Amino acid sequence: MDLYGALRPLIFRLDPETAHDLAFWLGARVCAWPRLPEPELPAALRRTAFGLDFPSPLGLAAGLDKGATLLPLWKALGFGHVEIGTVTPRPQPGNPKPRLFRFPQAGLILNRMGFNSEGAEVVAARLKHRPEGLIVGGNLGKNKETPEAQALDDYRAAYRLIAPQVDYIALNVSSPNTPGLRNLQAPEALKPLLAGMLDLRRELGLDRQPLLLKLAPDLAPEDLEAIVEVAVASGISGLIATNTTLDRGVVAEPLRALVEAKGAGGLSGMPLKAKARDVRRRILAALRGRLPLVACGGLGSAEDVQDALDDGAALAQVYSALIFEGPSLVGRIHRGLAEF
Ligand SMILES: Cc1cc2nc3c(=O)[nH]c(=O)nc-3n(C[C@H](O)[C@H](O)[C@H](O)COP(=O)(O)O)c2cc1C
């Protein structure tokens, strides 16, 4: 058992957000070390996707390092890329606590963080000191108080600040914890949003920077196809699928009752795996290779990641499994992928 495995029973006795803050405090100390390890990844793990060269297909999904505070640590752990954010244009506190719950018996996380964000200005300033040799994506969202009709203004404001500091941008229209956000996935809302973002990209001379769209696992099959067509026609660079699910049906009884008792929020981790995979396969079928897809949702082993890549995903991201398994997960997945 590794150190994280040994400490896990203690860590999991802490309230999840306290544990998160403690881990980030510790992580910041680690990042201050002058000589962090530089993992050597086998050349076989390299991937090219949307014009970027990734040392590995495995990345850290958005939502863990919202403020880009631990980039040297993620690099030292061997992640091929890190998606920071979601960043909102203006700072906001997110939802009242408690808003983060873990269910270790099922490898499940419930969260209704609601985009707690330091705001784009602070995060952009921090990104100016990002470490070299790590691909960083910036995941953008809108502020809670911004009316849906003005969402584009928010994404553009955050883009102006964050895009010049990162390697790719992901538009998050799929968090379930900002009222109305998911309505932006509807084709008639998505079209002007994507067009407005691509106009801004051109205006800022960032034409070659990939622009991705992150989707929810709760979209109906017929809606998925329409969304894929809008995405392809728009000229964006790729899709990320999926975000967390609102569907409590992914959890079996008797745990479901416990989860429901915690209230609103999105579910992630092992119970999301089958649903996210199903949605991904539908998206990949509709895409017919026209855009690359980043797989996310319930991935927790080399087998899971390899399955997603075999399905046709270009890259894969993890979040929840890292909380349950700790930092050794990254090396374990890489070793498994190299063997396959
Ligand atoms: C606590 C928590 C916070 C998250 N915050 C964000 C976020 O800010 N933006 C985002 O796009 N996704 C966010 N996510 C979703 C993850 O990026 C990912 O899509 C989802 O958790 C499914 O992957 P997983 O099963 O490997 O965790 C969050 C997930 C969790 C558990």
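Quick caveat, the model's predicted, so the values are computed rather than measured.
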Identify every side-chain donor-acceptor pair in residues 254-264 under 3.5 Å, counting partners at least two apart or on other chains, and give the distances.
unit_1: Arg256; atom_1: NE; unit_2: Arg248; atom_2: O; d: 3.4
unit_1: Arg256; atom_1: NE; unit_2: Val251; atom_2: O; d: 2.8
unit_1: Arg256; atom_1: NH2; unit_2: Val251; atom_2: O; d: 3.3

Give a yes or no answer on whether the side chain of Arg160 reaches the backbone of Ala157 with a donor-acceptor pair at less than 3.5 Å.
no
Taking the side chain as every heavy atom from C-beta outward, state whether Phe24 and Leu73 have any pair of such atoms under 4.5 Å apart.
no
Salt-bridge test for Glu229 and Arg290: reply yes if a basic N is under 4.0 Å from a carboxylate O, no otherwise.
yes
For Asn116, the side-chain contact (heavy atoms from CB on, under 4.5 Å) test, sequence neighbours excluded, returns Lys66, Arg99, Met113
Taking CD in Glu40 as the centre, count heavy atoms belonging to other residues, nucleotides or ligands within less than 6.0 Å. Is the count above 12?
no
Residues forming a side-chain contact (heavy atoms from CB on, under 4.5 Å) with Ala321, sequence neighbours excluded
Leu329
Who else is in the cluster with Trp25 when I, L, V, M, F, W and Y are joined by side-chain contacts under 4.5 Å?
Leu26
Side chain to side chain donor-acceptor pair (under 3.5 Å) partners for Asn111, two or more places apart
Asn177
Donor-acceptor contact present, side-chain Arg130 to main-chain Leu71, <3.5 Å
no
Any donor-acceptor N/O pair, Arg126 side chain to Gly67 backbone, under 3.5 Å
yes
With a cutoff of under 4.5 Å between side-chain heavy atoms, which Ile, Leu, Val, Met, Phe, Trp and Tyr residues group with Leu161?
none
Would you say Asp247's side chain and Gly249's backbone share a donor-acceptor pair under 3.5 angstrom?
yes
Please list, chain by chain and in numerical order, all residues satisfying side chain to side chain donor-acceptor pair (under 3.5 Å) with Gln165, sequence neighbours excluded.
none
side-chain contact (heavy atoms from CB on, under 4.5 Å) against Ser237, all qualifying residues, sequence neighbours excluded
Phe50, Arg201, Pro210, Leu211, Leu212
Answer yes when Glu325 and Arg8 have at least one side-chain N-carboxylate O distance shorter than 4.0 Å, and no when they do not.
no
Identify the two heavy atoms, one from Ile162 and one from Ala120, that lie closest to each other, and give their separation to 0.1 Å.
CD1-O, 3.7 Å
Go through the structure and list residues passing side chain to side chain donor-acceptor pair (under 3.5 Å) with Arg112, not counting sequence neighbours.
none
Hey, does the Lys NZ or Arg CZ of Arg102 hover above the aromatic six-ring of Phe324, less than 6.0 Å from the centre and inside 45° of the axis?
no
In chain order, what residues pass the side chain to side chain donor-acceptor pair (under 3.5 Å) check against Asp223, with sequence neighbours excluded?
none
Whichever hydrophobic residues join Val122 through chains of side-chain contacts under 4.5 Å
none
Hey, is Asp218 close enough to Arg182 for a salt bridge, meaning N to O under 4.0 Å?
yes
In Å and rounded to the nearest 0.5 Å, what is the CG to OG distance from Asp2 to Ser328?
3.5 Å
Can you name the residues that form a side-chain contact (heavy atoms from CB on, under 4.5 Å) with Ala276, not counting sequence neighbours?
Thr242, Leu272, Arg280
